[in-house]
Amino acid sequence: MSGHLTTDQIIAAYGSARVLSGVSINAKPGAITSILGANGAGKTSLIRAILGLLPTSKGRIELDGEILSDLSPHARVARGLGCVPEGRKVFPKMTVEENLRVGAYLSNDKDLVEGRLQKVYQTFPRLNERKQQFAGTMSGGEQAMVSIGRALMSEPRVLLIDEPSLGLSPALVRESFALIRDINRSGVSILLVEQNVQQTLAIADYGYVISQGTVVAQGTSEELQNDPEMKKAYFGIR
Ligand SMILES: Nc1ncnc2c1ncn2[C@@H]1O[C@H](COP(=O)(O)OP(=O)(O)O)[C@@H](O)[C@H]1O
Ligand SMILES: [Mg+2]
């Protein structure tokens, strides 16, 4: 089932340095919602705040109408949030399969976990072939698969993906984006953080542009693609 994630005017800081200054986003059920913005804009901090890894001092985070703001990160994952972190963060000295199993750590139901594992192996036959290999010895593209597969092991209703294109070749970026679209079509709402504006808008339904911790523009992907300011800032058209 697709989840509905919203943030309402959230504020967060690292010590005294404010990083999110009242960010409101609406990631609609079944949609790919994108968060665009330059390096240092606050995109990863927004994801960390949604997951409960960065405390918010004000505002509200809701998943399907339930307030998440005061829940621990693992409680938020149990409610249906999943995450593919920036830099993928596979556990290098664990095997591919061990990495995948970590993604289901909240479930004690052995059959359920086996079923999900088989589903991930169907999606990524390459991981099935390499399940006993240490994840740290896999290629960048394969580690991307491990990271996405690990997130799918909790069967999230909303998947947060932080800069999946980072460090991948153009061919692998295309592959990852096609995969994200497939995951979305299978019924998972996606919040996609990216700096790669053109390719992101090609697959996203709606987008928010953030700068210095605030939303400075938003619209459907078509609206953003046709926005003169966006064209100037991100498409190199003057
Ligand atoms: N752990 C941290 N401690 C202090 N400042 C941080 C920390 N992480 C990020 N920042 C600062 O917060 C701002 C936003 O960072 P980040 O959310 O990582 O941006 P983005 O993901 O858009 O590149 C930056 O100015 C960054 O230096
Ligand atoms: Mg980031």
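Ligands are counted one by one from 1 in listed order, and the atoms in each one are counted from 1 as well. When a residue number appears, it is its place in the shown sequence, counting from 1. Keep in mind that what you see is a predicted model, and the values were worked out from it rather than measured.
Within the protein, the N, O or S atoms sitting under 2.8 Å from the Mg ion (ligand 2) are T44 OG1, E86 OE2.
Defined by atom type and a distance below 3.5 Å, a donor-acceptor pair is present between the side-chain atoms of D162 and T44. Side-chain atoms of S34 and E194 include no donor-acceptor pair closer than 3.5 Å. Counting only N and O atoms by type, the side chains of Q133 and T137 include a donor and acceptor under 3.5 Å apart. A donor and an acceptor atom, one from each side chain of S45 and Y14, are located under 3.5 Å apart.
Classification of R101 and E97 as a salt-bridged pair holds, one side-chain N sitting under 4.0 Å from a carboxylate O.
S72 meets the side-chain contact (heavy atoms from CB on, under 4.5 Å) test with H74, A75; sequence neighbours excluded. A17 meets the side-chain contact (heavy atoms from CB on, under 4.5 Å) test with no other residue; sequence neighbours excluded.
For the pairing with L160, the side chain to side chain contact (heavy atoms under 4.5 Å, CB included) check across I35, L191, I190 returns one residue only, L191.
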For ligand 1, list all ligand N or O to protein N or O distances below 3.5 Å, rounded to 0.1 Å.
from	atom 1	to	atom 2	distance (Å)
ligand 1	8 (N)	Y14	OH	3.4
ligand 1	17 (O)	S45	N	2.9
ligand 1	17 (O)	S45	OG	2.5
ligand 1	19 (O)	G42	N	3.2
ligand 1	21 (O)	T44	N	2.9
ligand 1	21 (O)	T44	OG1	2.8
ligand 1	22 (O)	A41	N	3.2
ligand 1	22 (O)	G42	N	3.0
ligand 1	22 (O)	K43	N	2.8
ligand 1	22 (O)	K43	NZ	2.8
ligand 1	23 (O)	N39	OD1	3.4
ligand 1	23 (O)	G40	N	2.7

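Within the 3.5 Å criterion, the main-chain N or O of S211 finds a donor-acceptor partner in the side chain of T214.
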